[in-house]
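Shown next, in structure tokens, is the structure this report addresses.
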Amino acid sequence: MSNYLESLNSAQREAVINTEGASLVIAGAGSGKTRVLTYRIAHLLKKGIEPSAILALTFTNKAAREMKERIASEVGNNVSRHLWMGTFHAIFSRILRAEAATIGYPTTFTIYDTQDSKSLIKSVIKSLNLEDATYKPGVILNRISTAKNNLITPVAYHQNAQQREADQAARIPRTSEIYLEYTKRCKNAGAMDFDDLLLITNILFKNHPDILAKYQQTFLYILVDEYQDTNFSQYLIVKRLAETHQNICVVGDDAQSIYSFRGARIENILNFKNDYPGFATYKLEQNYRSTQVIVDAANSLIAKNKHQLQKTVFSENAKGERIKVLTATNEHDEGYLVANEIFDHRMQDHDNFSDFAILYRTNAQSRVFEEILRKRNIPYKIYGGLSFYQRKEIKDILSYFRLIINSKDDESFKRIINYPARGIGATTLNKLEDAAGISGCSIWEVATYPEKMLLAGLNVGVIKKISVFTQLISKFSNQFATTEAYEMANKIASESGILSELYQDKSPENLSRYENTQELLNAIQDFSIAAKEEGRPDGLQIFMEDVALLTDQDNDKEGDTDKVTLMTVHSSKGLEFKNVFIVGLEENLFPSGFSGTLTLSELEEERRLFYVALTRSENQAWLSFAQQRFRWGKPEFCNPSRFIGEIDHQFLDVQNSRSIPQFRNQELRDDNSNRHLQRDETKYTLPRRPELQGQRMQIAKSVLPSGSEPFVSDSPDKIKLGMFVEHERFGRGKVLNIEGKMPDMKAKVFFPNAGEKNLLLKFAKLKISDQAE
DNA sequence: CCACAACCTTTTTTT
DNA sequence: AAGGTTGTGG
């Protein structure tokens with residue numbers, strides 16, 4: 001083992017070697033937090049503590065894996081792999097599977113992801129005869145999630161006056177009923193959602209002191225990373241487990257708490273002193289990551305927070321350049337400016353593409369940047385968004401696996417009963433679901449009893465189709481316990497007809513689906529091989545245990561190549577880059593669905609988010625925003641200066657916004673974004689007649705400038721037209737999408753107004769002059 | 001009763 | 001991009 005203690009500063013060293021009792025490590029951004037945690041664990045192991053007596057909880061799989069790797073390099077994989085190290089959800093799902101019998105769940109319980117939960121809530125809403133326009137499944141799920149994170153059961157929720165008042169005010173008074181029914185249905189399906197993993201762990205520990213005692217004795221040392229992001233449910237689990245030994249070390253930074261939307265309580269870290277009176281504090285205040293300017297700018301921002309623990313983050317690195325502020329007219333222009341900066345900076349400093357990161361608040365914001373980077377031939381990789389395991393084609397296959405493992409998993413049943421199509425439609429499924437709801441059993445139980453289906457009003461032909469399906473699943477169920485994962489997965493994929501379904505359609509979209517499916521099968525093969533080598537069980541069931549808890553960041557296959565990184569600020573936590581762009585600042589100020597003024601706590605969270613984003617950067621940061629954004633096709637004017645104004649201006653280098661060629665204002669937008677050019681129009685209907693296509697083209701030609709390349713849509717009841725242009729920098733794009741509606745043959749076309757006509761002519765000229773070059 | 005096509009709507013952040 | 005909705009046709 002290397003002499004790690006010498007590589008640490010005194011505060012870090014103290015935090016590593018004082019392993020007994022309660023420790024609170026306040027770790028500013030970039031202060032070597034992960035190193036302290038890693039070495040502390042290594043130190044414990046060196047002192048002779050069994051790895052299986054150490055519990056280390058993190059927030060992301062990535063953080064857990066990284067730490068594991070670093071510890072493995074200190075003490076060897078054979079020791080490190082016995083550590084209890086992982087996310088709260090991963091660790092406690094493991095414990096819940098081990099104790100499943102005690103709490104009335106099958107060992108093979110399914111973990112419902114957000115999509116499953118929403119879909120279930122939707123059917124609950126329907127079964128209670130409520131409108132899903134008023135009771136929006138997403139909103140209801142959020143409320144239920146908040147309740148669960150605060151350990152409020154459906155009954156407590158129902159009795160809680162405050163809760164009911166809030167629901168009344170939001171005009172969703174029957175939320176508590178939905179919560180109750182949702183809980184019942186999850187239980188019936190042998191399923192837990194993400195929040196249940198923590199909630200039910202708490203229930204388990206509360207109701208079964210013997211089991212709690214067992215784990216209290218198992219975990220002699222407990223470490224928690226990102227403690228400021230724990231919610232009440234997580235906090236209580238940790239508190240219970242640490243009760244006897246009190247050997248607990250939490251690491252966190254109140255200034256980096258950015259998960260309050262998920263129930264994170266900053267109080268947990270602020271109140272640590274009350275929970276563990278004999279605690280010791282270690283403050284890691286030296287930032288090794290960023291330049292002084294970046295650290296100071298971040299501090300000037302965070303200083304405005306009302307509640308905080310006293311600490312002074314400082315850097316002894318070079319002073320560094322001021323932070324550049326870029327102003328763009330709209331999001332396309334913003335992408336263009338960022339791409340330019342990357343190019344310039346690369347030339348100047350010989351930076352690699354992988355030295356750059358573009359951070360934004362929401363995944364949807366990546367689109368514009370992807371577009372421009374593609375056009376400029378800048379390689380990029382994108383984290384987040386739809387995780388691999390959430391893609392439709394992957395979820396379809398996984399649903400087969402899930403249903404085979406746990407036949408009560410209704411969400412999977414609903415997903416695959418008619419995929420690939422076997423002539424079972426919505427009506428049939430509704431009847432099945434209703435019947436299951438009435439008798440309080442799973443859909444599977446109805447679908448495997450012909451008598452029950454007859455009772456549900458299904459006819460013999462449909463029952464036969466359903467039986468073919470259930471028999472297929474049953475056949476797999478009989479095999480899967482004794483068959484190795486890869487072989488089983490292959491069998492299911494081909495015999496269910498999924499593979500041939502995907503194979504038949506050769507569209508590019510489908511091709512990627514096919515490839516993704518193959519990739520999943522490869523991953524399962526890798527799992528099988530690894531399991532065999534290490535002598536672990538190699539069944540599909542084991543593979544499936546953690547899949548619901550995996551996220552996109554766990555796909556590192558293209559990790560080492562030289563690419564610009566695009567991701568949300570949230571997922572950038574724990575990473576660092578030489579150069580960071582924080583873009584779409586106007587959207588940070590005005591998150592979607594937001595209206596009115598920010599509350600103080602919302603504002604604080606936004607500040608922290610921004611602080612985290614800033615300190616990701618080693619030496620250069622850019623802040624950029626668009627003054628005008630196009631949302632729902634309408635321009636939206638933003639005032640991001642309010643937020644940037646909170647940073648001390650001495651750290652900022654506000655660039656003069658460059659003169660932007662006129663046309664870029666009217667940039668090549670997609671169909672949706674052009675809607676602001678449309679006027680109100682009378683709606684007419686037009687019978688679906690293919691012979692109109694020629695006429696539409698004629699009309700288009702008469703309206704559009706000569707020399708342009710018109711397009712018309714084949715929509716049945718309206719005429720849509722516009723033209724394509726080619727531009728050297730932006731490539732081919734649709735310029736205008738004018739929509740008009742016609743009553744049968746008398747074409748009443750929506751003509752562009754004068755301004756729009758000019759615009760069209762301008763683009764027509766542009767095309768011609770570009771070609772002339 | 002179901003399949004398929006076309007169109008519309010919606011899109012915080014993570015486990 | 002994916003789900004929801006509507007309309008057509010089998």
Side-chain angles (χ1 to χ4, degrees), chain A residues 57-64 86-93 111-115 117-119 122 132-133 136-138 142 145 149 192-198 226 229 231 233-234 258-264 359-367 383-387 389-393 395 418 420-431 458-459 461-462 465 509 512-513 546 548-554 567-573 584 587-588 590-594 602 605-606 608-609 612-613 631-633 671-672 675 685 687-688 713-718 720 739:
Chain A
L57 296 165
T58 64
F59 267 77
T60 59
N61 295 305
K62 193 174 61 185
T87 62
F88 275 87
H89 293 83
I91 295 286
F92 295 110
S93 71
I111 299 173
Y112 276 174
D113 66 18
T114 311
Q115 210 183 344
S117 298
K118 267 193 199 156
S119 146
K122 210 165 182 182
D132 67 359
K136 290 184 184 134
N142 262 335
S145 171
N149 287 332
M192 297 193 196
D193 67 14
F194 287 136
D195 303 313
D196 282 336
L197 295 175
L198 307 172
E226 309 278 13
D229 285 333
N231 59 38
S233 194
Q234 292 165 323
I258 57 173
Y259 282 103
S260 72
F261 67 90
R262 167 176 119 177
L359 308 184
Y360 34 78
R361 190 175 186 275
T362 69
N363 284 308
Q365 284 172 278
S366 69
R367 249 196 62 198
Y383 281 99
L386 258 201
S387 116
Y389 290 101
Q390 303 211 11
R391 305 186 82 99
K392 188 190 171 307
E393 62 273 24
K395 276 211 80 168
N418 199 31
R422 32 179 91 81
I424 302 168
T427 318
T428 305
L429 185 54
N430 278 340
K431 284 181 187 165
L458 295 169
N459 66 43
V462 173
K465 287 184 199 165
E509 186 187 46
S512 96
R513 296 211 153 140
D546 293 330
L549 303 173
L550 291 181
T551 56
D552 205 34
Q553 277 113 47
D554 304 309
M567 63 180 144
T568 62
V569 174
H570 286 89
S571 50
S572 76
K573 229 180 168 187
E587 193 134 17
N588 284 336
F590 303 106
S592 74
F594 170 78
E602 280 169 329
E605 175 144 345
E606 292 296 324
R608 289 192 200 107
L609 197 71
V612 169
R631 181 179 274 278
W632 313 130
D671 294 2
N672 274 356
R675 271 194 225 145
T685 48
R688 187 192 291 264
S713 78
D714 56 352
S715 154
D717 63 343
K718 43 189 166 188
K720 259 190 185 175
E739 242 180 67

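In what follows, chains are A, B, ... by sequence order, proteins preceding strands, each numbered from 1. Small disclaimer: the values here were computed from a predicted structure and weren't measured.
- Backbone-only contact: A:Lys431 has heavy atoms under 4.0 Å from sugar-phosphate atoms and none from a base.
- As a whole-Å value, the separation of A:Asn418 CG from C:dG3 C1' is 16 Å.
- Computed from coordinates, the A:Asp193 CG to B:dT14 P distance equals 18 Å when rounded to whole Å.
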Under 3.5 Å, which N/O atoms of the protein pair with N/O atoms of nucleotides 4-6 of chain C?
residue	atom	partner	partner atom	Å
C:dG4	OP1	A:Lys122	NZ	2.5

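- Residue A:Ala421 places its side chain closer to B:dA3 than to any other of B:dT13, B:dT15, B:dA3.
- Within the 4.0 Å cut-off from OP1 or OP2 of C:dA1, not a single side-chain nitrogen or oxygen of A:Arg513 is found.
- A:Leu198 has its side chain within reach of A:Asn231: a pair of non-hydrogen atoms, C-beta onward, lies under 4.5 Å apart.
- Between the CG atom of A:Asn363 and the C1' atom of B:dT14 there is a distance of 10 Å, rounded to whole Å.
- Here the CG-OG distance, from A:Leu549 to A:Ser93, works out to 5.0 Å after rounding to the nearest 0.5 Å.
- Remark: A:Lys395 engages A:Asp113, A:Asp116 in a salt bridge (Lys or Arg N to Asp or Glu O under 4.0 Å) (not counting sequence neighbours).
- Under the side-chain contact (heavy atoms from CB on, under 4.5 Å) criterion, A:Asp195 pairs with A:Ser145, A:Lys148, A:Asn149, A:Asp193, not counting sequence neighbours.
- Following rounding to the nearest Å, A:Lys62 (NZ) and B:dT14 (P) show an atom-to-atom distance of 10 Å.
- Checked against C:dG3, B:dT13, B:dC1, the side chain of A:Phe261 finds its nearest nucleotide in B:dT13.
- Within the structure, every side-chain polar atom (N or O) of A:Gln365 is placed at least 4.0 Å from both OP1 and OP2 of B:dT12.
- Picking from C:dG3, B:dC1, B:dT13 the nucleotide with the shortest atom distance to the side chain of A:Lys392 gives C:dG3.
- Between B:dT14, B:dT15, C:dA2, one nucleotide has an atom nearer to the side chain of A:Thr568 than all others, and that is B:dT14.
- By the 4.5 Å heavy-atom criterion applied to side chains, A:Phe194 and A:Arg262 are not counted as neighbours.
- Using a 4.5 Å cut-off on side-chain heavy atoms (C-beta onward), A:Leu359 and A:Met567 make contact.
- A:Asn459 comes within 4.0 angstrom of no nucleic acid atom, judged by non-hydrogen atoms across all strands.
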Next item on the list: Go ahead and write out DNA chain C as dot-bracket, 5' to 3': ( ) for pairs within the strand, [ ] for ones crossing earlier pairs, | when the partner sits on another strand, dots for unpaired; Watson-Crick or G-U wobble, both distances under 3.5 Å.
Entry: ||||||||||

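- The base of B:dT15 sits within donor-acceptor range of the side chain of A:Thr114, with an N or O pair under 3.5 Å.
- Within the 4.5 Å cutoff, the side chain of A:Val612 has heavy atoms near those of the A:Ile258 side chain.
- In this structure, the side chains of A:Phe59 and A:Thr87 stay at 4.5 Å or more apart for every pair of heavy atoms.
- Each of B:dT14, C:dG3, B:dA3 was ranked by its minimum atom distance to the side chain of A:His570; first place goes to B:dT14.
- Look at A:Thr428 and you'll find a side-chain N or O under 4.0 angstrom from OP1 or OP2 of B:dC2.
- Put simply, A:Phe194 does not rest on the base of B:dT14: the two rings are not both less than 5.5 Å apart at their centres and under 30° in tilt.
- The CG-P distance, from A:Leu458 to B:dC2, rounds to 9 Å in whole Å.
- A:Glu605 comes within 4.0 angstrom of nothing in the nucleic acid, heavy atoms only.
- Between A:Thr568 and A:Asn363 there is a side-chain heavy-atom pair separated by less than 4.5 Å.
- Checked against ring pair (Phe, Tyr, Trp, His ring centres under 6.0 Å), A:Phe92 has no partners two or more places apart in sequence or in another chain.
- In this structure, A:Leu429 places its CG atom 13 Å from P of B:dC1, rounding to the nearest Å.
- The residue A:Tyr259 sits close only to the backbone: its heavy atoms come under 4.0 Å of sugar-phosphate atoms, none of a base.
- Atoms CZ (A:Arg361) and P (B:dT14) sit 11 Å apart, rounded to a whole Å.
- Applying the ring pair (Phe, Tyr, Trp, His ring centres under 6.0 Å) criterion to A:Tyr112, with sequence neighbours excluded, gives no partner residue.
- The distance between atom CG of A:Asn142 and atom P of B:dT13, rounded to the nearest whole Å, is 12 Å.
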